[in-house]
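Following: one structure in structure tokens, then a few remarks.
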2 protein chains.
Amino acid sequence: MDTLKAKYNFREHLQPFVVFTNDEWELFCSYLEFISLKKKTYFIEAGKVCNHFGFVNKGSVRYFHLTNDGTDITGYFSFENEFMSSYTSFLKREPANNYIQALEDTELILISHKSLQEMLASEKLGHKMERFGRLVAEYYLCCYDDRVTAFITQSPEERYIKLLESGRDILRRMPQHYIANFLGITPVSLSRIRRRILV
Amino acid sequence: MDTLKAKYNFREHLQPFVVFTNDEWELFCSYLEFISLKKKTYFIEAGKVCNHFGFVNKGSVRYFHLTNDGTDITGYFSFENEFMSSYTSFLKREPANNYIQALEDTELILISHKSLQEMLASEKLGHKMERFGRLVAEYYLCCYDDRVTAFITQSPEERYIKLLESGRDILRRMPQHYIANFLGITPVSLSRIRRRILV
DNA sequence: AGAAAACGTTATCTTAAGATAATAAAAACA
DNA sequence: TGTTTTTATTATCTTAAGATAACGTTTTCT
């Protein structure tokens with residue numbers, strides 16, 4: 001991985017959340033880790049504590065759950081230039097209840113929990129990192145809020161149509177059965193919905 | 001409302017998120033507003049921007065959506081000693097898509113968006129308020145994450161049983177048709193589920 | 001206390017989702 | 001290139017959820 005380019009790209013995509021001075025940026029970068037994940041390998045597995053918060057520099061990942069009867073249910077995706085973590089596990093220091101798997105060869109920029117704590121506690125970066133953390137959490141909170149609202153106010157068909165209208169990457173890049181899981185239905189059911197709304 | 005007692009209680013319940021020195025606390029308090037909400041009145045209505053983040057000192061509130069065909073769908077509740085806001089609207093400064101209504105005579109401690117911005121920008125409170133905001137957002141993020149996971153991995157019946165096992169306040173204090181909405185199903189359907197699991 | 005509203009259950013009917021299996025097409029791979 | 005594997009659709013059957021209405025009970029209101 002070209003870490004120089006990766007850093008540059010990361011800084012770019014951090015702008016909506018935090019803008020660093022050059023000095024701060026150098027310090028911040030000293031905490032970063034860069035890893036590559038081969039297709040189909042795991043970033044985190046259920047039962048293990050997620051120790052990193054990440055940024056997808058290249059590639060994409062899939063979040064999924066394994067239910068008691070062994071069914072694989074996809075809950076979310078992160079594409080390049082998006083954050084990625086088993087966030088609840090990372091924050092609570094509890095075992096994750098989901099897996100995160102690379103869907104293609106993927107480059108990640110990681111911040112370990114320990115590094116984050118150090119930055120939060122540091123004189124130079126602390127304040128800015130608190131803000132960064134707040135804005136990231138708020139951003140995802142709003143996303144989750146939308147999603148919960150969709151589950152309680154809309155039918156599966158309505159949720160799918162909304163997703164279509166949103167034009168999100170998911171539609172172009174993910175197989176349909178993952179999308180079905182994401183919408184809270186079975187792949188067979190989504191296939192039927194698609195036929196229904198075509199007529 | 002006894003604002004002295006309310007402040008004391010608020011400080012107590014803020015502890016998991018932020019611990020203020022006495023000086024900081026005085027300053028913080030100078031930004032607070034105290035209001036009482038009569039039963040059935042609204043804290044926020046859909047279409048209006050939510051300008052306050054609140055804490056329920058006494059009473060309880062219900063969050064609900066009105067769908068296009070006029071159906072009222074309850075999405076959430078806040079009881080005493082919990083936070084309360086149309087958070088997405090508050091954060092994004094966009095019109096809310098939901099209502100928040102007092103279920104009984106309710107006492108609220110409020111922070112206006114303007115006050116919060118001032119605190120965040122202030123020398124004395126800024127850093128601590130960033131952290132406070134971060135921890136609150138993270139807390140709710142985890143709650144939402146659980147809820148979304150329940151929607152995609154569990155059946156309505158399983159969700160209800162989990163709720164039963166959780167022993168949450170909702171069960172004791174909310175009418176069943178609100179609980180049904182909260183679980184993403186109709187009241188009639190919840191009634192059937194209850195009968196099913198009794199046998 | 002009496003009237004009105006809200007609530008929970010039940011019944012009926014309709015609709016759609018889950019489970020499962022078969023099939024065909026597309027993609028991955030080796 | 002030829003072979004798996006993955007994917008999407010379709011069919012059948014079963015199950016449960018939505019819509020609606022009726023009913024009795026409880027709660028709220030005045």
Side-chain angles (χ1 to χ4, degrees), chain A residues 38-41 59-60 62 64-65 67-74 77 101-106 150-164 170-199, chain B residues 38-41 59-60 62 64-74 77 99 101-106 150-164 170-199:
Chain A
K38 278 249 170 294
K39 179 171 180 170
K40 292 203 177 171
T41 59
S60 57
R62 171 175 83 97
F64 69 95
H65 297 261
T67 61
N68 297 328
D69 63 325
T71 322
D72 167 331
I73 302 206
T74 298
F77 316 90
Q101 182 188 42
L103 289 168
E104 42 196 318
D105 289 356
T106 295
F151 276 118
I152 63 173
T153 64
Q154 295 169 16
S155 67
E157 182 168 325
E158 286 170 323
R159 291 201 293 277
Y160 177 64
I161 291 170
K162 272 277 173 72
L163 179 63
L164 276 183
I170 296 177
L171 288 164
R172 250 159 295 125
R173 297 176 54 180
M174 289 300 137
Q176 205 167 293
H177 61 292
Y178 290 166
I179 296 176
N181 290 166
F182 172 74
L183 291 169
I185 57 179
T186 60
V188 175
S189 187
L190 178 54
S191 182
R192 283 189 291 229
I193 286 171
R194 283 161 55 81
R195 186 153 59 102
R196 236 168 27 225
I197 65 181
L198 267 181
V199 179
Chain B
K38 278 249 169 294
K39 180 171 179 171
K40 294 206 175 168
T41 57
S60 56
R62 171 175 83 97
F64 69 95
H65 296 262
L66 283 189
T67 61
N68 297 329
D69 61 327
T71 320
D72 167 330
I73 301 206
T74 298
F77 315 91
Y99 299 74
Q101 182 189 42
L103 288 169
E104 39 196 321
D105 289 356
T106 295
F151 276 118
I152 62 174
T153 64
Q154 295 169 18
S155 67
E157 182 168 325
E158 287 170 322
R159 291 202 293 276
Y160 177 63
I161 290 171
K162 273 277 174 73
L163 179 62
L164 277 183
I170 295 177
L171 287 165
R172 251 159 295 125
R173 298 176 55 179
M174 289 299 138
Q176 205 166 293
H177 62 292
Y178 290 167
I179 296 176
N181 291 164
F182 171 74
L183 292 169
I185 56 180
T186 61
V188 175
S189 186
L190 178 55
S191 181
R192 283 189 290 229
I193 286 172
R194 282 162 56 80
R195 184 151 61 101
R196 232 160 41 217
I197 66 181
L198 267 182
V199 180

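Naming convention: chains lettered A, B, ... in sequence-line order (proteins, then strands); numbering from 1 in each chain.
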Base-contact (B) and sugar-phosphate-only (S) positions in nucleotides 18-30 of chain D, heavy-atom cut-off under 4.0 Å, - elsewhere: BBB----------
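No donor-acceptor distance shorter than 3.5 angstrom exists from the side chain of A:Arg62 to the backbone of A:Leu103, with no hydrogens or angles considered.
Put simply, CG on A:Leu171 is 17 Å from P on D:dT7, counting in whole angstrom units. The interatomic distance linking A:Tyr160 (OH) with D:dA8 (C1') rounds to 12 Å, in whole Å. Between the CZ atom of B:Arg196 and the P atom of C:dT10 there is a distance of 13 Å, given to the nearest Å. Distance CZ (B:Phe151) to P (C:dA17): 16 Å, rounded to an integer number of Å. If you measure from atom CD of A:Glu157 to atom P of C:dT15, you get 13 Å, rounded to the nearest angstrom. D:dT6 atom C1' lies 13 Å from atom CD of A:Gln101, rounded to whole Å. The distance from atom CG of B:Leu103 to atom C1' of C:dC7 is 15 Å, rounded to the nearest whole Å. Between A:Met174 atom CE and D:dA8 atom C1' the separation is 17 Å, expressed in whole Å.
Among residues at least two apart or in separate chains, there is no salt bridge (charged side-chain N to carboxylate O under 4.0 Å, His left out) pair with a member in residues 177-188 of chain B. Every pair passing salt bridge (charged side-chain N to carboxylate O under 4.0 Å, His left out) that includes a residue from residues 172-186 of chain A is listed here, sequence neighbours excluded: A:Glu80-A:Arg173, A:Glu104-A:Arg173, A:Asp169-A:Arg172, A:Asp169-A:Arg173.
Remark: B:Asp105 engages B:Lys38, B:Lys39 in a side chain to side chain contact (heavy atoms under 4.5 Å, CB included) (not counting sequence neighbours). With sequence neighbours left out, B:Ser155 forms a side chain to side chain contact (heavy atoms under 4.5 Å, CB included) with B:Glu157, B:Glu158. Remark: A:Lys40 pairs with A:Gln101 by the side chain to side chain contact (heavy atoms under 4.5 Å, CB included) rule, at least two apart or across chains.
Within the structure, every side-chain polar atom (N or O) of A:Arg194 is placed at least 4.0 Å from both OP1 and OP2 of D:dA8. Phosphate proximity of C:dA6 to B:Gln176: absent, as no side-chain N or O sits under 4.0 Å from OP1 or OP2. Contact annotation: B:His177 does not reach the phosphate of C:dA6 (side-chain N/O to OP1 or OP2, under 4.0 Å).
At the heavy-atom level, B:Pro187 lies nowhere under 4.0 Å from the strands shown.
With values rounded to the nearest 0.5 angstrom, A:Gln154 atom CD is found 10.0 Å from A:Leu183 atom CG.
Of the two residues near DNA chain D, A:Leu190 and B:Ile193, the one whose nearest nucleotide lies more 5' is A:Leu190.
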